[in-house]
Structures are given as structure tokens and as C-alpha cells.
Amino acid sequence: MKKLFFLAILTMAVIATSCKKDDDKPFDGKLVTKVTCDYQSQEWNYEYDKQGRVTRVFLTDVYDGTNALVNYADKMEQTFYFTDHNGQNAEEDELYSFTMNNQGYVASKNRDDGVVTCSYQYNDNGQLTAYRRDIDSPYETYTVDCQYTWQNGNCTSLRYNVEGGFSYSVSYEYYTDKPNLSNIWMPGEDVFTLADGIINTRGYQFGKSSTQLLKSITLADDEHTGNTYTYAYTLDSEGYVTQIAETISSSPGVNNYMIYYNK
């Protein structure tokens, strides 16, 4: 689960790159360089190439460090190199290749040993509408299907199904007066809450993010309503998020996220 969690972090750590020629021009926009959270002393660090595409995400917490690298060797058949290092276990390296569709979004992602294959579907607005992951290993075989619903530029619900297993429903509520300039969170693989995703930047893209800032997230299975996550934001003078305060209905206290930029 730790590896799937961090794959989600990297998935959410990227936003837009296209196949146009001007991709090679230097990027001069605002980029997130670090996110910290007081929960388990978590810290995400981001590195970029000259085009502003994410090339490295490094997560540290109280347990270990996890490192992910992206190599943009080919625009239409790129390579995602994922390294997971746990201080108590041997280092494991995994190699993923992914292809892009005509919109410039990831259409498929496959692990080099064939154990994991993923496919993604989008609507005409560039929003992720369906995701499928097939696992075929000597230890387990199963399929995960996710369906996403969008309204007014925001992802409003997610249905997560594991073949022969459990199902979840996730609903999302947004502020109407807080545009999502910082690209906080977007739906993706195994991403249910803000903590799974944190930031979209540029490069490894799974469609557009929601246009407004998240206000709350509620998880539920077929029989019970689960936790509700509620978010409050501190913005800088330009409207970019610098702090997120997260409260969870089943837990006391507040989780605070701090966001740092290159400018």
C-alpha cells in the first residue's frame, strides 16, 4: 500500500504538458518546490526540468524515504522510473512506461514486468472519467475500476470498485469563491483524499484538475458513511495556497500543510 500511496502522490504531483513545439521553451511560471505536513513529519520535495516538468518527487516521513523519477526521453512513449526505498528493507526499483493520447494526457501505464497495467479515459473537456488497473502476479490477480463524475469544472464524485472485493463512493464539495490557482489535488489512481495527492504540477498528466478549491471530502462504502475531511486555506497576495488546515471527522486536532514556491 505504501508504494501505491506514493504512486498516487507522484500522479498528483504533475499537471500539464502538451505535444506542441513550444514545449521546449523555458518555463517561467510559479512552481511548487516543497510541501510539509505536521502529521508524521511528512515532507514532499519537487524538482523540475527547464520546461517546468516534474522530474523528481521525494517524500520523507517518520518511517522512511520514497523517491520517484520521471524521464521525458520521448514525448509520445515516455518512461516513468519509480524508485521506492525503505530504510528497513532492500531498495526496490520499478520501471513504468506510459503512452499519451491526442489530448496530451496519459492513456496507458504499464510496469515493465507486466504485473501492473493501467488505462485511462477522458471526456472532451480533458477531465478524467475512468481508470482501470489490472494486477496479475503469482500472488494475486484482480481489477480496479474507477468512475469519475464532473460538474461545473469540478470532480464531484468517485466510484471505486475492486473486482470480487469492496467498493467505495467518494463525494467532493468545493468553495465557490476560491479558484484553484495552485492546482491542489485532482482525481487519480487510488486517490481519495487531499493527503493522497497534494499538488498537481507539470509533466506527467492525467487530465485537468478541478477549477475550485476543495471544501470537503466524504468517503462511504455500500453500508456505511465514512470519514469527512474538511479543508480551510491561507492564500498569498496572488491567490495561491500557502497553508491548508485539514480536519477529519473521526480524529481530533488539525493536520497543517505548508506549501512553498519557487517565486
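Excluded from the calculations below are hydrogen atoms, water molecules and symmetry mates; all remaining heavy atoms, backbone and side chain alike, are included.
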- Fellow cluster residues of Y260, listed by chain then number, with links counted only when side-chain atoms sit under 4.5 Å apart: M258
- Step-by-step side chain to side chain contact (heavy atoms under 4.5 Å, CB included) determination, Q147 to T149: CA-CA 7 Å; Q147 303 292 323; T149 302; over 6 Å; no
Please report the shortest heavy-atom distance between [X] and [Y], naming the atom on each side.
X    : Y    : value
V106 : Y122 : O-OH, 2.6 Å
Y231 : Y175 : O-OH, 2.6 Å
W44  : C37  : CZ3-CB, 4.2 Å
Q103 : N123 : NE2-O, 3.1 Å
E238 : D236 : N-OD1, 2.9 Å
Q212 : P179 : OE1-N, 3.6 Å

Would the distance check show the side chain of [X] and the main-chain N or O of [Y] forming a donor-acceptor pair, the cut-off being under 3.5 Å?
X    : Y    : result
W150 : S210 : no
K263 : D28  : yes
N227 : S249 : no
Y174 : T156 : no
T234 : T242 : no
Y48  : V32  : yes
N256 : D38  : no
D49  : Q51  : yes

- Sequence neighbours excluded, every pair satisfying salt bridge (Lys or Arg N to Asp or Glu O under 4.0 Å) that has a member inside residues 141-153: R132-D145
- Note on the structure: Residue pairs meeting salt bridge (Lys or Arg N to Asp or Glu O under 4.0 Å), one or both in residues 249-258, sequence neighbours left out, come to none
Rounded distance [0.5 Å steps], [atom1] in [X] versus [atom2] in [Y]:
X    : Y    : atom1 : atom2 : result
T230 : E173 : OG1   : CD    : 8.5 Å
L219 : S171 : CG    : OG    : 8.0 Å
N154 : L214 : CG    : CG    : 8.0 Å
Y46  : N262 : OH    : CG    : 13.5 Å
L213 : L181 : CG    : CG    : 7.5 Å
L128 : K208 : CG    : NZ    : 13.0 Å

Decide whether [X] and [Y] meet the rule of one side-chain donor and one side-chain acceptor closer than 3.5 Å.
X    : Y    : answer
T218 : T228 : yes
Q121 : T129 : no
S182 : Y261 : yes

- Describe, in one word, how the ring planes of Y168 and Y160 are oriented to each other, choosing from parallel (under 30°), tilted (30 to 60°) and perpendicular (over 60°). tilted
- Message: Before you tell me yes or no, could you show the steps for N110 and T117 under side-chain hydrogen bond (donor to acceptor under 3.5 Å, both in side chains), namely the whole-Å CA-CA distance, both residues' side-chain angles and the distance that decides it to 0.1 Å?
- Response: CA-CA 4 Å; N110 303 307; T117 59; 4.6 Å; no
- Query: Do the non-hydrogen side-chain atoms of Q127 and Y148 ever get within less than 4.5 Å of each other?
  - Reply: no
- Considering only heavy atoms from C-beta outward, does the side chain of Y142 approach that of V162 to under 4.5 Å? yes
- Message: Is there a side chain to side chain contact (heavy atoms under 4.5 Å, CB included) between I135 and R133? Walk through the geometry before answering.
- Response: CA-CA 7 Å; I135 305 295; R133 182 176 77 247; 3.7 Å; yes
Suppose we screen for salt bridge (charged side-chain N to carboxylate O under 4.0 Å, His left out). Which residues come up paired with [X], at least two apart in sequence or across chains?
X    : answer
K50  : none
E163 : none
D124 : none

- Message: Cation-pi check for Y240 against K30: NZ or CZ below 6.0 Å from the six-membered ring centre and within 45 degrees of the axis, yes or no?
- Response: yes
- In sequence, state the C-alpha distance, the side-chain angles, and the governing distance for S209 and N180, and then conclude on side chain to side chain contact (heavy atoms under 4.5 Å, CB included). CA-CA 8 Å; S209 57; N180 188 14; 4.1 Å; yes
- Message: Pair Y229, S251 - check side chain to side chain contact (heavy atoms under 4.5 Å, CB included), show working.
- Response: CA-CA 10 Å; Y229 298 74; S251 302; over 6 Å; no
